[in-house]
Each structure stands twice: as structure tokens, then as C-alpha cells.
Q: 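Structure incoming, see below.
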Amino acid sequence: MYLSRFLSIHALWVTVSSVMQPYPLVWGHYDLCKTQIYTEEGKVWDYMACQPESTDMTKYLKVKLDPPDITCGDPPETFCAMGNPYMCNNECDASTPELAHPPELMFDFEGRHPSTFWQSATWKEYPKPLQVNITLSWSKTIELTDNIVITFESGRPDQMILEKSLDYGRTWQPYQYYATDCLDAFHMDPKSVKDLSQHTVLEIICTEEYSTGYTTNSKIIHFEIKDRFAFFAGPRLRNMASLYGQLDTTKKLRDFFTVTDLRIRLLRPAVGEIFVDELHLARYFYAISDIKVRGRCKCNLHATVCVYDNSKLTCECEHNTTGPDCGKCKKNYQGRPWSPGSYLPIPKGTANTCIPSISSIGNPPKFNRIWPNISSLEVSNPKQVAPKLALSTVSSVQVANHKRANVCDNELLHCQNGGTCHNNVRCLCPAAYTGILCEKLRCEEAGSCGSDSGQGAPPHGSPALLLLTTLLGSASPLVF
């Protein structure tokens with residue numbers, strides 16, 4: 001009896017959960033940039049693509065209104081209800097906190113009742129257009145991860161354009177047009193996101209879905225991010241690998257969801273009728289109670305942390321990268337061109353770490369000073385020389401490929417004396433040789449090297465010389 005009741009409750013919970021959460025809360029498990037793993041040689045670093053968590057980006061923006069004096073209350077004025085032009089008992093007064101409606105009220109917590117909101121001046125200068133630009137700036141490139149949602153306290157505007165910038169407001173491009181009549185307002189046929197497909201997902205459309213006049217339950221305007229994701233990941237975003245693959249390989253798609261600024265252009269307030277009632281212009285205005293923008297700092301999959309300091313967002317870059325977006329390799333780590341991380345393969349992706357520059361090793365006068373002291377290596381197993389070599393003549397050098405700190409590879413760190421590189425973590429040496437890069441004679445460790453052994457003792461300082469020769473001699477010319 002109790003078992004059947006438990007199973008019934010569990011089934012009900014699973015059903016309710018699936019309905020309440022139609023989309024995954026997190027895109028993927030890219031919350032670590034590196035982790036230590038065990039191999040035959042001990043612990044090594046495993047590098048992976050990483051990104052900050054999605055969050056409420058309105059906490060970090062700056063808002064600008066144009067014209068700057070468009071907010072109501074200076075001088076104080078009375079405005080009327082949209083549905084009843086004779087109900088004009090509402091006042092806006094910037095000098096009284098209880099009656100003021102400044103721009104920051106678009107981004108405050110909306111758990112109170114009545115809700116707080118920003119409000120424009122009324123359309124008292126009709127027929128001159130009542131138009132407002134609301135610019136949201138982050139001074140940082142961000143990636144949108146959820147729908148942009150604008151909640152109006154007044155009626156939704158008859159005409160509006162949502163625009164985006166990728167260059168900090170220097171140039172703008174439309175994201176979506178909104179109108180009660182798209183053909184009349186923007187000479188565009190009306191569409192909705194449901195009319196798009198994988199092949200037309202980047203199309204800029206005009207929608208009439210969100211521009212009806214004032215009604216109690218019709219105050220919200222969306223810009224549908226997740227519906228566009230669903231063209232690749234499925235209606236419940238279950239197939240994220242497909243979306244990640246498209247974002248990795250299609251720059252235009254990736255840029256479509258990337259912004260530095262957003263601009264809301266309010267072009268015509270809600271009229272609710274064919275003609276403007278010139279006798280009651282105090283009923284026409286804009287009022288916004290809430291704007292939601294969720295996203296993350298763009299760090300090119302090279303960071304999990306984005307710091308907000310001195311009113312500025314900055315990625316805390318990993319993988320030997322640097323810059324506001326982790327968009328270049330650090331000094332002395334330019335051994336190959338910078339590349340963003342990759343979401344693929346799921347679930348860890350590919351880190352595409354920056355590797356040391358050949359020039360960063362320099363040309364020290366004494367090679368026997370280069371070989372690292374085993375105590376200076378950040379490893380758990382003294383036999384495992386990875387992933388960091390603290391050279392006495394240079395700063396710590398991290399040798400890494402796409403995913404793991406290399407002991408050997410086919411680019412810079414070649415195995416010597418006929419050795420072969422195994423999974424970038426060790427050299428498989430011929431019987432007569434040993435060492436990290438097969439640079440030592442095995443008989444040297446046994447103290448049996450001599451003229452009768454057929455194996456001459458290596459010159460003094462040869463391990464360092466072989467390592468440096470490998471680094472300097474095997475690489476093709478690089479431009480720094």
C-alpha cells in the first residue's frame with residue numbers, strides 16, 4: 001500500500017517537474033577550466049572549455065535615455081488612465097520620492113505591489129512624435145542565454161524597435177520590429193518566431209504579437225532567444241550538442257546572440273484607437289516596470305569567473321589567455337595563434353590553451369642551469385614532469401595542448417633518439433634510452449656507461465641542451 005502510494009507521488013512529481021521546467025536550467029557543465037586527472041605517470045592537468053554562469057545582467061548595466069529630459073515629473077504633471085481618459089488622478093513629481101518615476105525603477109525588484117516603474121512625459125506636444133531611446137550598456141561583450149522580457153505598466157507601444165550593438169554603441173542593427181500594423185509602420189509583412197527555421201533563424205522580423213493596446217494581462221514584450229535555440233536543440237532544448245556545434249562553427253549565429261549594448265526605441269505609444277484623442281493627450285505615455293536580460297560575460301570559453309569591479313565587468317582568464325574577453329594569448333604564451341575554446345566534444349569541450357613562445361625560453365649562457373629542480377615542479381609524482389616547469393632563467397612555463405599539459409607532442413616537444421609520443425603524456429623510449437624525452441642513456445643511470453659498452457656518456461648538461469634544441473630546432477618560424 002505504502003509502496004504504491006510512494007510510486008504514485010513520485011510519478012506525479014516527475015510529471016509536474018517536467019511541466020514546470022520545459023528548458024534545462026543550465027546549458028552544459030562548463031564550470032571548470034581545468035582539473036587534475038590520474039594517468040600511468042601520476043597526476044596531470046586536464047584542460048577543458050569553460051564559461052561563467054548565466055545570470056541577471058541588468059545588475060551590471062548603465063541606462064541612458066534620449067532625450068535626457070523625457071522622464072516625467074519635471075515639471076510635475078498629471079496623467080490619465082489609458083482605458084478611461086476622465087480618470088486623471090495620477091501625478092508624477094520628480095521632487096517627491098513617492099511620486100517620482102526615474103529610470104532605475106525599470107530594474108529594481110518587482111515583488112512589491114503596486115509595482116514601481118519608469119514613466120515618460122505625456123504626449124502633450126502632439127502631433128510632434130513622442131519617441132524615446134532607452135540604451136542599456138555593459139561596456140563588455142555579453143552572450144544572451146534567455147529571452148529579453150520588457151514589462152510595460154502602460155499599454156504596449158504601437159511601434160517599437162529593439163536594436164543591438166556589438167561595438168559599444170558605435171553602430172546599431174535591428175534585432176526585432178514590433179507594431180500593431182507591421183506593413184504600415186515598417187513596410188514589412190508580419191511574422192512570428194514560429195515562422196522561422198534553422199535556415200532563417202537570423203532573419204530580422206516584424207511581429208504584431210506583442211503590440212496590442214492596453215489590457216490588464218497584456219503588458220509584456222518578448223525577444224525570443226530560447227525559441228531560436230530550439231531550432232537546433234529541440235523544443236525542450238534537450239539536444240544541446242547540436243546547438244553547441246552550430247555556435248562553434250557558425251560565427252554569424254554566435255554573433256547574433258552576442259551584444260555589448262541594447263537599445264529600445266519607443267516610436268509611438270499605445271493609442272488603442274485608430275485616431276489620437278487630441279482632447280485627452282495626458283493618457284498617452286510610456287511606462288516600463290521591468291526589464292529582464294539574462295546572459296553571461298563572453299570569455300571565449302577561457303574563464304568561469306567574471307568580476308564586476310569599478311563599474312566594469314572583466315573575465316578572469318585561464319588557459320594562458322588575457323584581455324577583457326580572454327581574446328588573446330598572454331605574453332610569452334604565443335607559441336601558436338590564439339583560438340577560442342570549443343564546446344565540442346560534449347560535455348567538456350576543448351580548451352585550446354595558449355602554449356609557451358619559443359622566444360620566452362631565451363638563450364641562457366649555461367645549459368646546466370636550465371634543468372628544473374624536481375622540488376619546483378607542481379606535480380604529485382616526482383617522476384611526472386607536468387604540467388609546469390619552473391625554469392631558473394624564465395618564469396614558469398606551462399606546456400599545454402588543446403586539452404592537457406603536454407610532456408611531448410609533434411610540434412615543440414619531440415621525443416628524442418627514436419622515441420615515440422604516447423597521448424602527449426610520455427615518450428615511449430627505445431631500450432637503450434630513458435628520460436622525459438628519451439634524452440638519457442639508460443646505462444648512465446646504472447653507472448655502467450663506458451667505452452666498452454658502445455654507448456658514450458652524454459656531454460655535461462645534455463638534458464637541458466636536448467630540450468632546448470628540441471624547442472628551438474623543431475618549430476617553424478613564428479611571428480610575435
Q: Considering only NZ, NE, NH1 and NH2 on the basic side and carboxylate oxygens on the acidic side, decide whether D325 and K140 come within less than 4.0 Å.
A: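 Looking at D325 and K140, the cut-off is met.
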
Q: Atom NZ in K226, atom CZ in R294: separation rounded to 0.5 Å?
A: 8.5 Å

Q: Could you walk me through whether E208 and K191 pass salt bridge (Lys or Arg N to Asp or Glu O under 4.0 Å), step by step?
A: CA-CA 8 Å; E208 298 176 356; K191 288 187 178 182; over 6 Å; no

Q: Identify the heavy atoms of L267 and Q131 that sit nearest to each other, and give their distance.
A: O-CG, 3.4 Å

Q: Could you check whether any side-chain heavy atom of I161 comes within less than 4.5 Å of a side-chain heavy atom of Y178, counting everything from C-beta outward?
A: no

Q: Is I150 close to F223 at the side-chain level, that is, under 4.5 Å between some pair of heavy atoms?
A: no

Q: Does the pair N133 and L65 meet the rule for a side-chain contact (heavy atoms from CB on, under 4.5 Å), with working shown?
A: CA-CA 6 Å; N133 287 345; L65 270 60; over 6 Å; no

Q: Treating Y286 as the side-chain partner and L130 as the backbone partner, does any N or O pair qualify as donor plus acceptor under 3.5 Å?
A: yes

Q: Quick one: do I70 and F285 satisfy side-chain contact (heavy atoms from CB on, under 4.5 Å)? Show the steps, please.
A: CA-CA 10 Å; I70 193 63; F285 53 88; over 6 Å; no

Q: Regarding T145 and S54, is there a side-chain donor-to-acceptor distance under 3.5 Å anywhere?
A: yes

Q: Can you pull the disulfide (SG to SG under 2.5 Å) pairs that have at least one residue in residues 135-171, sequence neighbours excluded?
A: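 Qualifying pairs, neighbours excluded: none.
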
Q: Are there over 12 heavy-atom neighbours, none belonging to K124, within less than 6.0 Å of that residue's NZ?
A: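 Count over threshold, so yes.
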
Q: Any chance you could measure I148, atom CD1, to L262, atom CG, to the nearest 0.5 Å?
A: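 It is 4.5 Å, given to the nearest 0.5 Å.
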
Q: Assess whether disulfide (SG to SG under 2.5 Å) is satisfied between C33 and C50, documenting all intermediate values.
A: CA-CA 5 Å; C33 293; C50 52; 2.0 Å; yes

Q: Are any non-hydrogen side-chain atoms of W172 and K164 less than 4.5 angstrom apart?
A: no

Q: Restricting to non-hydrogen atoms, name the atom on A233 and the atom on L243 that form the minimum distance, rounded to 0.1 Å.
A: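 That would be CB-CB, 4.1 Å.
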
Q: Mind telling me whether Y284 and W123 have parallel, tilted or perpendicular rings, with 30° and 60° as the class edges?
A: perpendicular

Q: Hydrogens and angles aside, do D158 and T180 bring a side-chain donor and acceptor to less than 3.5 Å of each other?
A: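 Distance-only check fails for D158 and T180.
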
Q: Less than 4.0 angstrom from a charged side-chain N to a carboxylate O is my criterion; do K292 and D290 meet it?
A: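 Looking at D290 together with K292, the answer is yes, because their closest N to O distance falls below 4.0 Å.
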
Q: Checking D195 side chain against S192 main chain: does a donor-acceptor pair fall under 3.5 Å?
A: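 Yes, because the side chain of D195 sits within donor-acceptor range (under 3.5 Å) of the backbone of S192.
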
Q: Within the side chain of S289, is there an N or O that forms a donor-acceptor pair under 3.5 Å with the backbone of F117?
A: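 Answer holds: no.
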
Q: Side chains of V44 and I37: does their closest heavy-atom pair fall under 4.5 Å?
A: yes

Q: Please evaluate residues C306 and C315 with respect to the criterion disulfide (SG to SG under 2.5 Å), reporting the C-alpha separation (whole Å), side-chain torsions for both, the decisive distance (0.1 Å), and the verdict.
A: CA-CA 4 Å; C306 193; C315 299; 4.7 Å; no

Q: Taking 4.0 angstrom as the limit, do R265 and E163 come out as a salt bridge?
A: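 A salt bridge links R265 with E163.
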
Q: Taking all atoms of both residues into account, what is the closest heavy-atom pair of V193 and E224, and its distance?
A: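 Answer, listing the atom of V193 first, then E224: CG2-OE1, 3.1 Å.
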
Q: Measure the spacing between CG of L266 and OG of S120 and express it to the nearest 0.5 Å.
A: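 The distance works out to 8.0 Å.
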
Q: I would like to know whether L136 and V63 meet side-chain contact (heavy atoms from CB on, under 4.5 Å); could you show each step before the answer?
A: CA-CA 5 Å; L136 315 179; V63 59; 4.0 Å; yes

Q: Search all heavy atoms of L202 against all heavy atoms of L253 and return the closest pair with its distance.
A: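 Closest pair (atom of L202, atom of L253, distance): CD2-CD1, 3.8 Å.
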
Q: So how far is it from D56 CG to K59 NZ, rounded to the nearest 0.5 Å?
A: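 The CG atom of D56 sits 5.5 Å away from the NZ atom of K59.
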
Q: Less than 4.0 angstrom from a charged side-chain N to a carboxylate O is my criterion; do D46 and K348 meet it?
A: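 Result for this pair is yes, salt bridge flagged.
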
Q: Checking side-chain polar atoms at under 3.5 Å, does E77 have a donor or acceptor matched by the opposite partner on T122?
A: yes

Q: Looking only at non-hydrogen atoms, find the nearest pair between I346 and A241 and report the distance.
A: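 Heavy atoms of I346 and A241 come nearest at CG1-CB, 3.6 Å.
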
Q: Sort out for me which residue in E318, E316, H319, Q51 forms a side chain to side chain donor-acceptor pair (under 3.5 Å) with H302.
A: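 The passing option is H319.
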
Q: Locate the shortest heavy-atom distance separating M188 from I204; write the atom from each residue and the value.
A: CE-O, 3.6 Å

Q: Run the side-chain hydrogen bond (donor to acceptor under 3.5 Å, both in side chains) check on T304 and D31 step by step: do they pass?
A: CA-CA 6 Å; T304 59; D31 53 350; over 6 Å; no

Q: Does the cation-pi check pass for K328 over W338, that is, NZ or CZ under 6.0 Å from the six-membered ring centre and within 45° of its axis?
A: no

Q: Given 3.5 Å as the limit, does a donor-acceptor pair link the side chain of R156 with the main chain of I220, or not?
A: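 Yes, R156 side chain to I220 backbone: donor-acceptor pair under 3.5 Å.
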
Q: Within the distance-only criterion (no hydrogens, no angle test), does the side chain of T200 pair as donor or acceptor with the backbone N or O of L196 below 3.5 angstrom?
A: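 Not at all, since once roles are kept as given, no pair shorter than 3.5 Å links the two residues.
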
Q: Which distance, rounded to the nearest 0.5 Å, do you find between the CZ of F229 and the CG of L247?
A: 6.5 Å

Q: Using only heavy-atom distances, determine whether the side chains of S357 and N332 contain a donor-acceptor pair under 3.5 Å.
A: no

Q: Assess the residue pair C326 and C317 against the criterion (disulfide (SG to SG under 2.5 Å)); give the C-alpha distance rounded to whole Å, side-chain angles, the decisive distance to 0.1 Å, and a yes or no.
A: CA-CA 6 Å; C326 306; C317 301; 2.1 Å; yes

Q: For Y343 together with Y30, are the ring centres under 6.0 Å from each other?
A: yes

Q: Verify, without hydrogens or angle tests, whether S197 (side chain) and H199 (backbone) share a donor-acceptor contact under 3.5 angstrom.
A: yes

Q: Look only at the side chain of S211 and the backbone of A179, and say whether a donor-acceptor pair between them is shorter than 3.5 Å.
A: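 Confirmed, S211 side chain pairs with A179 backbone.
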
Q: Do T350 and N352 have side-chain atoms, one donor and one acceptor, less than 3.5 Å apart?
A: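 N352 and T350 do not have a side-chain donor-acceptor pair below 3.5 Å.
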
Q: Once you round to the nearest 0.5 Å, how far does CD of Q176 lie from NE2 of H222?
A: 11.5 Å

Q: Can you establish whether the number of heavy atoms outside E53 located under 6.0 Å from its atom CD is more than 12?
A: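 Not more than 12 within 6.0 Å, no.
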
